[in-house]
Amino acid sequence: MSGTFISFEGIDGSGKSTQARLLSEWLIGAGRQVVLTREPGGSPGAEQIRQMVLEGEADRWSAETELLLFTAARRDHLERTIRPALARGEVVISDRFADSSRIYQGLGRAALGNMVDDLHALVIGQEPDLTVLVDMDPDVGLGRALGRQGGEERFEGFGVDMQRRMRQGFLDLAAQNPDRIVVIDGNRAIDEVQTSIQAIVQDRLR
Ligand code: ADP
Ligand code: TYD
């Protein structure tokens, strides 16, 4: 038996976490077994790595070390949470997965695209069955993200220009992977966005 692996991607504040949670509640209501998880994190070890990578000074790690930490967290998440749930035939919904490394580390401060791809091939080697890209205007997304409290603001201090490049990067990735990545317009009310997502997921799960 093998389950279904769904990831949510998009810039900070696009509404991924909100939509992932609502989708999970909807699927559970329909009688599915669901594991709702997130990256970086999603397993005890990966949550520890999350703290190391998201908190503290911006220059705490080099871009390369940071990529290794994100990748190590992903490997642990896969081993301990994602693959066991898929083997049980469950639906795994992950708030971010490898596309986030392709965009944030691939287009970020050191443009590590080749290293991202090589590491992925070497130690991850798995893609979601479906990726929901919640696309939205970075000005709106940044306002939402900065409105939240918490110690993880390091990554949200990027500024609107960087978020625009990230948004375009995600859209390019979607164009390159049309069978896997579905682009959803996130500039709408929460329930309207969710209705679009449910229609796509229902179609895929059938
Ligand atoms: P992400 O996980 O992509 O960073 P969140 O789901 O945490 O985004 O949403 C960021 C903030 O914006 C939250 O306060 C959330 O309640 C709010 N939000 C999410 N989706 C919408 C929407 N469609 N319209 C208005 N506000 C939203
Ligand atoms: P997240 O908690 O999803 O932030 P948000 O809810 O604001 O979208 O992710 C934390 C940050 O980690 C986010 O800015 C993106 C970044 N990140 C990477 O840079 N590389 C990665 O591989 C992942 C999974 C996340």
Side-chain angles (χ1 to χ4, degrees), residues 7-25 36-43 46-47 49-56 58 60-78 81-82 93-113 115-117 119-120 123-124 127-128 131-159 162-163 165-167 169-170 173 184-197:
S7 67
F8 277 74
E9 297 281 2
I11 58 172
D12 298 311
S14 56
K16 296 177 302 299
S17 315
T18 304
Q19 296 300 332
R21 180 176 45 76
L22 290 173
L23 179 68
S24 149
E25 289 167 2
L36 176 61
T37 184
R38 68 165 181 186
E39 287 206 352
S43 60
E47 289 289 334
I49 297 174
R50 177 186 179 99
Q51 284 188 351
M52 293 198 298
V53 81
L54 293 188
E55 292 173 14
R60 182 174 180 190
W61 311 107
S62 72
E64 289 78 2
T65 307
E66 194 173 79
L67 169 59
L68 290 167
L69 289 170
F70 278 118
T71 309
R74 181 162 305 127
R75 174 76 193 206
D76 194 64
H77 186 210
L78 254 187
T81 302
I82 297 175
I93 301 176
S94 185
D95 183 352
R96 297 192 182 280
F97 190 67
D99 295 321
S100 282
S101 291
R102 296 184 176 110
I103 298 306
Y104 286 82
Q105 282 64 57
L107 305 181
R109 53 182 168 141
L112 299 176
M115 196 176 161
V116 172
D117 291 342
L119 279 172
H120 183 85
V123 298
I124 305 298
E127 300 295 346
T131 295
V132 177
L133 172 56
V134 184
D135 176 54
M136 73 167 313
D137 182 348
D139 294 285
V140 182
L142 201 64
R144 286 184 194 167
L146 293 176
R148 283 178 311 188
Q149 300 297 315
E152 297 174 349
E153 69 284 343
R154 178 148 101 64
F155 274 79
E156 286 157 356
F158 281 142
M162 193 59 183
Q163 298 284 358
R165 287 183 48 218
M166 306 281 191
R167 178 199 197 180
F170 275 122
L173 215 48
I184 291 286
D185 175 11
N187 298 286
R188 294 176 292 161
I190 289 175
D191 57 336
E192 285 178 53
V193 178
Q194 179 60 204
T195 300
S196 305
I197 294 170

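Order of appearance sets the numbers: ligands from 1, and atoms from 1 within every ligand. One-based numbering along the sequence shown.
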With sequence neighbours excluded, what pairs up with Thr131 under the side-chain hydrogen bond (donor to acceptor under 3.5 Å, both in side chains) test?
Ser7, Arg180
Under the rule for salt bridge (Lys or Arg N to Asp or Glu O under 4.0 Å), what residues qualify as partners of Asp76, not counting sequence neighbours?
Arg80
Non-hydrogen atoms of Ser196 and Ile184 that approach each other most closely:
CB-CD1, 3.9 Å
With only distance considered, is Arg96 within less than 3.5 Å of ligand 2 through an N or O on each side?
yes
Please determine if Gly13 has a nitrogen or oxygen closer than 3.5 Å to a nitrogen or oxygen of ligand 1.
yes
Measure Arg50 to ligand 2 on non-hydrogen atoms and call it side chain, backbone, both or neither using the 4.0 Å cut-off.
side chain
So is there a nitrogen or oxygen of Ser17 less than 3.5 Å from a nitrogen or oxygen in ligand 1?
yes
With backbone taken as N, CA, C and O and side chain as the heavy atoms from C-beta onward, which portion of Val53 lies under 4.0 Å from ligand 2: side chain, backbone, both, or neither?
neither
Near Lys16 (heavy-atom distance under 4.0 Å), the atoms of ligand 2 are 8 (O)
For ligand 1, does Arg188 get within less than 4.0 Å through its side chain, its backbone, both, or neither, judged by non-hydrogen atoms?
backbone
Measure across Arg102 and Glu127 and return the closest heavy-atom pair with its distance rounded to 0.1 Å.
NH2-OE2, 2.7 Å
Grab the two heavy atoms, one from Pro138 and one from Arg167, that are nearest each other, plus how far apart they are.
CD-NH1, 4.0 Å
Honestly, for Arg38 the part within reach of ligand 2 (heavy atoms, under 4.0 Å) is neither
Minimum distance, heavy atoms only, to atom 3 (O) of ligand 1: which one of Met136, Glu192, Gln194, Lys16 is it?
Lys16
Just by distance, with hydrogens left out, do His77 and Thr37 show a side-chain donor and acceptor under 3.5 Å apart?
yes
Decide whether the shortest distance between a heavy atom of Arg74 and an atom of ligand 2 is less than 4.0 Å.
yes
Restricting to non-hydrogen atoms, name the atom on Val53 and the atom on Trp61 that form the minimum distance, rounded to 0.1 Å.
CA-NE1, 4.0 Å
What are the atoms of ligand 2, with element, lying closer than 4.0 Å to any heavy atom of Leu54?
10 (C), 11 (C), 12 (O)
Which atom of Arg74 lies closest to which atom of Phe97, heavy atoms considered:
NH2-O, 3.3 Å
Can you figure out which of Asp185, Ile190, Asp191, Thr18 has its heavy atom closest to atom 15 (C) of ligand 1?
Thr18
I need the atoms of ligand 2 closer than 4.0 Å to a non-hydrogen atom of Glu39, numbered in the order shown.
24 (C)
Ligand-residue contact atoms, ligand 2 with Ser100, heavy atoms, under 4.0 Å
20 (N), 21 (C), 22 (O), 23 (C), 24 (C)
Evaluate the side-chain proximity of Gln51 to Glu47: yes if any heavy-atom separation is below 4.5 Å, no if none is.
no
Beyond-backbone contact of Val132 with Gln19, side-chain heavy atoms, under 4.5 angstrom
no
Considering both backbone and side-chain atoms of Ala189, is one of its nitrogen or oxygen atoms within less than 3.5 Å of a nitrogen or oxygen in ligand 1?
no
Atom indices of ligand 2, in the order listed, that fall short of 4.0 Å to a heavy atom of Gln105:
18 (C), 19 (O), 20 (N), 21 (C), 22 (O)
Ligand 2 atoms nearer than 4.0 angstrom to some heavy atom of Ser101 are 21 (C), 22 (O)
Proximal candidate to atom 5 (P) of ligand 2 [heavy atom criterion; set Asp12, Ile11, Asp95]:
Asp12
For residues Gly186 and Val134, report the shortest heavy-atom separation together with the two atoms involved.
CA-CG1, 3.9 Å
